[in-house]
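Only one structure is covered here, and it is reproduced in the block below.
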There are 2 protein chains.
Amino acid sequence: MKKAKRTLKWQRDPEGMRIRILEAAKKEFAAHGLAGGRVDRIAAEAGANKRMLYYHVGNKEDLYLAVLEAAYEKIRVEERSLDLEHLAPSEAIARLIDFTWNYFIRNPEFLALLNTENVAKARNLKRSTKVKSMHSPFVEMIGTVVDRGVESGEFRVAMDPVQLYISIAGLCFFYLSNSATLSFVFGRDLLKKEAKTERLEHVIALVLAALTGRSPVTFMQAPELPAPHLV
Amino acid sequence: MKKAKRTLKWQRDPEGMRIRILEAAKKEFAAHGLAGGRVDRIAAEAGANKRMLYYHVGNKEDLYLAVLEAAYEKIRVEERSLDLEHLAPSEAIARLIDFTWNYFIRNPEFLALLNTENVAKARNLKRSTKVKSMHSPFVEMIGTVVDRGVESGEFRVAMDPVQLYISIAGLCFFYLSNSATLSFVFGRDLLKKEAKTERLEHVIALVLAALTGRSPVTFMQAPELPAPHLV
DNA sequence: ATACAAATTAACTCGTTGGATAAATACTCC
DNA sequence: GGAGTATTTATCCAACGAGTTAATTTGTAT
């Protein structure tokens, strides 16, 4: 009977509150963009008073930037945990594609946030010194893998790592990010399980065929992957 | 002296007005999204009174949808004018990629509108019966080209036309649509002339290498294209 | 316990913005 | 040249939504 007086109206939890706010803000901005996002909805979703957003993070723009920064932070962390060193070049590329694909699937908000930010010409992101310093390890990883592949003769040509990275990301990103309009236009659900499986196989087959020059089994059925999904 | 009284306060031009409104709306929504777009700015940009928007098109949502429909209409028209029949399969694919790439470059608003619409999960597009009936001729074109390529032995494998279409679009779209954030992250301007040239060559080389299995000259310098740009 | 700071709630302000109303002006047809 | 309709302008307004102010409650150190 020492602590609980009786029915406290609320309890303190600064860290928890901040996390809940950012999580709610991520959902909101991903679903509606910066302009379409509603501060009141974020507060409600976070189970907080609106004032809390300003107290713990800042105004709407600050909130949005904090979300964006956290999103970049998160993907960079996961990227770093991907170990391609001990894999054969083709395996490494397949693994990289598999990771990218599944990261996007697991984090649809990330795609939406990037879209929003690009419509805004990265206006907000440019204010972030934090993100600027977060370099993706992928470019270097890809460079190493490609070099190894060329040296061993497994790959026919040296490809610019940045171009390859953008290509891999693009092949995954576009399909998922634009699945709503594409599904509508093609009249078929691109997000159903079989469609997604097929797409991943296509992307891997396409990139590996270009790199190795060897014909993959077929572009419909790519070679099965060793232990994909989580890194 | 028959027509012009003197200093008319304004002149009628319903068709012209409607066009100016839609053009202004396209710019506005492409730059700010649906939620971020301002009806007053559209009116100002169109050199019109705000009332005109409602008189000629409808409310903000109607306006947005009209812009979206016009954008799809436009690309479909241009797509249809692309003649791949008389080209060798590899040439045809290169031509297709070149067209897609340059269409996106010439119509940055189209990319932005698609992004906005996808963030909204195609909520608005779904209301359009018009767009639903506008089928892209590319899927069929690609199917024919791929078949010809496989038959002649120029291509090694049959690829699903829809997958290939999405891949080509994705390789172009992602680079351009996300150039703002990518440029920031990589610390280099992806939109400068040389970078764009390099990218187009990379995409063509990548896709053709995957299709033909033959090594392109190099992934840095793709084979020069015969009369690209406008169809 | 009590004072003090940190965390949270409640209620309010106030500019913005989509949309509406009514009046004015231009064209067309008789 | 005048009636009638189509097009355009000039104002207005009610709702919404970001951000603020002030009061209230909770934890903590003295």
Side-chain angles (χ1 to χ4, degrees), chain A residues 1-29 31-67 116 120 123-124, chain B residues 1-29 31-67 116 120 123-124:
Chain A
M1 189 67 51
K2 42 178 75 161
K3 286 283 170 62
K5 287 254 183 55
R6 66 185 166 278
T7 56
L8 295 189
K9 293 193 174 173
W10 46 268
Q11 34 181 345
R12 294 183 168 197
D13 182 15
E15 305 86 11
M17 178 66 92
R18 186 161 208 277
I19 292 172
R20 267 155 40 222
I21 289 173
L22 287 179
E23 189 61 28
K26 181 170 76 176
K27 278 193 200 171
E28 179 69 13
F29 289 131
H32 305 284
L34 173 51
R38 292 290 167 261
V39 167
D40 296 83
R41 278 202 296 254
I42 294 174
E45 170 77 22
N49 184 286
K50 187 168 43 156
R51 181 67 229 277
M52 292 292 89
L53 313 190
Y54 297 87
Y55 184 77
H56 288 288
V57 187
N59 65 18
K60 195 181 176 185
E61 283 204 338
D62 295 336
L63 202 48
Y64 172 80
L65 186 55
V67 166
T116 292
R123 189 182 312 144
N124 308 282
Chain B
M1 190 66 54
K2 42 177 76 162
K3 288 284 170 62
K5 288 255 183 54
R6 70 186 163 279
T7 55
L8 296 189
K9 292 195 174 174
W10 46 268
Q11 34 181 346
R12 292 186 167 193
D13 183 15
E15 305 86 11
M17 178 66 93
R18 186 162 207 275
I19 291 172
R20 267 155 39 222
I21 289 173
L22 287 179
E23 189 61 28
K26 181 170 77 176
K27 277 192 200 172
E28 180 69 14
F29 289 131
H32 304 285
L34 173 52
R38 291 292 166 257
V39 168
D40 296 83
R41 278 202 296 254
I42 294 174
E45 171 77 23
N49 185 285
K50 187 167 45 154
R51 180 67 227 278
M52 293 293 88
L53 313 190
Y54 296 89
Y55 183 77
H56 286 287
V57 188
N59 65 18
K60 193 182 176 184
E61 283 204 338
D62 296 335
L63 203 50
Y64 172 80
L65 186 55
V67 165
T116 292
R123 190 182 312 145
N124 309 281

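Reminder, nothing fancy here: chain letters follow the sequence lines and each chain counts from 1.
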Under 3.5 Å donor-acceptor, B:Glu28 side chain and B:Arg38 backbone
yes

When the rotation axes relating C1' atoms of four end pairs to the next four are compared across the helix from C:dA1-D:dT30 to C:dC30-D:dG1, five pairs an end, they differ to 10° by 0°

Can you find a pair of side-chain heavy atoms, one from B:Tyr54 and one from B:His56, that are under 4.5 Å apart?
no

Per-nucleotide protein contact string for nucleotides 8-20 of chain C, where B marks a base within reach and S marks sugar-phosphate only (heavy atoms under 4.0 Å, - for neither):
BBB------SBB-

Do A:Lys26 and A:Glu23 meet the salt-bridge criterion of a basic N to acidic O distance under 4.0 Å?
yes

Rounded to the nearest 0.5 Å, how far does CZ of B:Arg123 lie from CD of B:Glu61?
9.0 Å

Side chain proximity check, A:Glu45 to A:Ile42, heavy atoms < 4.5 angstrom
no

Can you tell me how far the CE atom of B:Met17 sits from the CD1 atom of B:Ile19, to the nearest 0.5 Å?
11.5 Å

Can you check whether A:Phe29 reaches A:Thr116 side chain to side chain, under 4.5 Å on heavy atoms?
no

Distance check needed: D:dC16 P versus A:Ile42 CD1, whole Å only.
18 Å

With heavy-atom distances below 4.5 Å as the criterion, would you say the side chains of A:Lys60 and A:Leu53 are in contact?
no

